[in-house]
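Treat the numbers as computed from the prediction; the structure is a model and nothing was measured. The basis for the numbers below is simple: all heavy atoms, side chains too, and nothing from hydrogens, waters or symmetry mates.
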Amino acid sequence: QSAAGRESVGQSAAGRELLAQSAAGRESVGQSAVGRESTVNAPVSVNAPLPVSAPTADASWSADAAKWGKATRTALASGVTSSAAYPRGSSDGGEGGGGGGFTEQRLVFIAVITAPANAARRKRLRAAWVRVDGGASGGTPVLATASLCSFNMPTVGAPVLPTGACFFVGANSASGEPTKLAHTDAAAADVVALAGVLDGKGAYNALSRKVLATLNWAAEYSFAKYVLKVDDDVFVHVPTLLQHLRARPAADQSAYLGSPRSSLVDRDLRSSAYVPASAYAPDKWPLFNQGIHYALSARLVRALADGSMAGLLRAPGSVAGEDVSLALWLREAGVAPEAVRWMHYVHAGRWLDSDEPEPEVARGCECESAPGVGGARGPAVIGLDSPSEVQLGAELVRVRLAFAAGLCACERLPPRWLTNEGHRLLQREQRPCQAHDFYARAHAACLDDPALARAAGVAALGGPRCDKQFVAQLAGSLATLDVRF
């Protein structure tokens, strides 16, 4: 490998532009100025305030986790948790089950983690799936939003929609000021402000607290058999989601579903995610479901709510992210992450610290239909993790229209993960030949867009999935690699 050969493709003009695009929009949720409409004060959650200290990594978490794990194992084995498995006396007989309380139990509650400033994202999600039936043309809405998010309890004997969804923000900014929301949020009445939780710019380290407070809220108010936690750049096809969950075992008490991965523990003293060996000795975290989307059974959510919130936040994983912390605690209860093919994370290949390929890189996005969902094809939950607001909006439209038209939703996604994996191989591992292969696959995928064969219908399907500039940059990167290597 000559010195010239080791030179990154990112040093060419086309490569620099492409790499800049891939890095765009990586700022923490809530830091974007997009969608900062005129604001109103956020409503205050009825949840009890939580301590607001930042999470720290120490060894004292393990005793709390072991105690909780032992109690949870016993509870799961006996079929009950330490308090009501389903809140406020609702039926535990499954969706539509009998028993005391409400005549019908919600199958799944979708908790969307968002930032106060992301009003534009919330507006896009409402249009894409939160307020409708996930893009299925002419279908009946299956989501409860405003009434659920406003803490209106279902009336005994009244029907309950099978799915509910709310957005969740912290009630205060990092400086302690009350959170402000857009007027569009106030009109929608589907945003829950969590008391005692900091949010927005400078509050990323409070993410673990925010997610755990959201799960605590869901345990009290969602009336659901499952809780699906997603970020605000995730598409959910609700009918397909319902079919997959209905196909699971009736006694699905310890479900922890998602897209698992592992990563190295951060030992860099300069990093905000630093974890000392005294707090967690292994060099690698156990498998955990990636935080962009995962689902938990109601019994696990309730068990977490009954556990020690302070202990969860002391877990070393809470410094790295709530997804790692959650996996550490669930492991104590004998619960491991379960990979499901109906959840897909588009941004696979982004991580630089894994010892093995991520599941998405190995298997890709699949379009197996769930039973009984008509012509819908694609994963029920797609984590887009889009690098820009514009791209997120375009991808939400493309995926929604693909489901409505019976096209494979995967084929309508831009091949960003292929490009990102090429960047990783080239820049971090100095493997230009393998990088060339991924760039070539991305370029071919752009040119092989099924919508292009239907010139008259491209606009109706949300436009081509790769814009001309992106395709040109890929072609330039390939040409550079061809010359140099």
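The OG atom of S325 lies 6.0 Å from the CG atom of L212; values are rounded to the nearest 0.5 Å. Here the CG atom belonging to L269 is positioned 4.5 Å from the OH atom belonging to Y274, to the nearest 0.5 angstrom. The CG atom of L392 sits 6.0 Å away from the CZ atom of R124 when rounded to the nearest 0.5 Å. For the atom pair OG1 of T72 and CG of L300, the computed distance is 8.0 Å after rounding to the nearest 0.5 Å. The CD1 atom of I292 sits 11.0 Å away from atom CD1 of I382, with the distance rounded to the nearest 0.5 Å. Between atom OG1 of residue T419 and atom CZ of residue F438 there is a gap of 10.5 Å, rounded to the nearest 0.5 Å.
Paired with Y345 under the rule side-chain contact (heavy atoms from CB on, under 4.5 Å), one option of D385, V381, L384 passes, and it is D385. Among V197, L194, V301, the single residue meeting the side-chain contact (heavy atoms from CB on, under 4.5 Å) criterion with T214 is L194.
When every heavy atom of V227 is checked against every heavy atom of A218, the shortest pair comes out as CG2-CB, 3.9 Å. When all heavy atoms of S173 and L198 are compared, the closest pair comes out as O-CD2, 3.3 Å. When all heavy atoms are compared, the tightest approach of A327 to F288 is CB-CB, 3.4 Å. Closest approach of E322 to Y294, counting heavy atoms only: OE2-OH, 2.9 Å. In this structure, R121 and D232 approach most closely via the heavy-atom pair NH1-OD1, 2.9 Å. The two residues L426 and A435 have their closest heavy-atom pair at CB-CB, 3.8 Å.
A donor-acceptor pair under 3.5 Å links the side-chain atoms of W129 to the main chain of V234, judged by distance alone. A donor-acceptor distance shorter than 3.5 angstrom exists from the side chain of R122 to the backbone of A115, with no hydrogens or angles considered. The backbone N or O of S222 sits less than 3.5 Å from a side-chain atom of R106, completing a donor-acceptor pair. For the pair S262 (side chain) and W285 (backbone), a donor-acceptor distance under 3.5 Å is present. Side-chain N or O atoms of H237 include none that pairs as donor or acceptor with a backbone N or O of A409 at under 3.5 Å. A side-chain donor-acceptor contact under 3.5 Å links T179 to the backbone of N172. K229 places no side-chain N or O within 3.5 Å of a backbone atom of L215 that could act as its donor or acceptor partner. Looking only at distances, a side-chain donor or acceptor of Q290 sits under 3.5 Å from a matching main-chain atom of S259. With hydrogens and angles ignored, the 3.5 Å screen pairs no side-chain donor or acceptor of T240 with any backbone N or O of A380.
Within the 4.5 Å cutoff, the side chain of L125 has no heavy atoms near those of the T114 side chain. Contact check for V191 versus V169: side-chain heavy atoms found under the 4.5 Å cut-off. For the pair L296 and L326, the minimum side-chain heavy-atom distance is below 4.5 Å. The shortest distance between side-chain heavy atoms of L304 and N216 does not fall below 4.5 Å. Counting heavy atoms from C-beta on, the side chains of V265 and Y280 come closer than 4.5 Å.
Under the side chain to side chain donor-acceptor pair (under 3.5 Å) criterion, E338 pairs with R248, sequence neighbours left out. When the side chain to side chain donor-acceptor pair (under 3.5 Å) test is applied to Y226, the partners found at least two apart in sequence or on another chain are D252. For D268, the side chain to side chain donor-acceptor pair (under 3.5 Å) partners two or more places apart in sequence, or in a different chain, are R270.
Under the 4.0 Å criterion applied to side-chain N and carboxylate O atoms, R302 and E220 are assigned as salt-bridge partners. A salt bridge is defined here as a Lys NZ or Arg NE, NH1 or NH2 lying under 4.0 Å from an Asp or Glu carboxylate O, and K70 with E332 fails to meet this definition. D185 and R126 are joined by a salt bridge, as a carboxylate oxygen and a charged side-chain nitrogen come within less than 4.0 angstrom of each other.
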Item checked: Audit row: V236, T163, side-chain contact (heavy atoms from CB on, under 4.5 Å) steps and yes/no -> CA-CA 11 Å; V236 180; T163 315; over 6 Å; no
Checklist line | CA sep, side-chain torsions, deciding dist, call: L242, V108, side-chain contact (heavy atoms from CB on, under 4.5 Å) | finding: CA-CA 8 Å; L242 292 174; V108 58; 3.9 Å; yes
Checklist line | Criterion side-chain contact (heavy atoms from CB on, under 4.5 Å) on C166 and D190, from CA distance to verdict | finding: CA-CA 5 Å; C166 300; D190 57 4; 5.7 Å; no
Checklist line | From CA spacing to verdict: side-chain contact (heavy atoms from CB on, under 4.5 Å), V230, F235 | finding: CA-CA 9 Å; V230 300; F235 179 88; over 6 Å; no
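Proximity of the aromatic rings of F109 and W217 is defined here by a centroid distance below 6.0 angstrom, and this criterion is met.
Between H244 and W342, the angle of the ring planes stays under 30°, which puts this pair in the parallel group of the 30/60° scheme.
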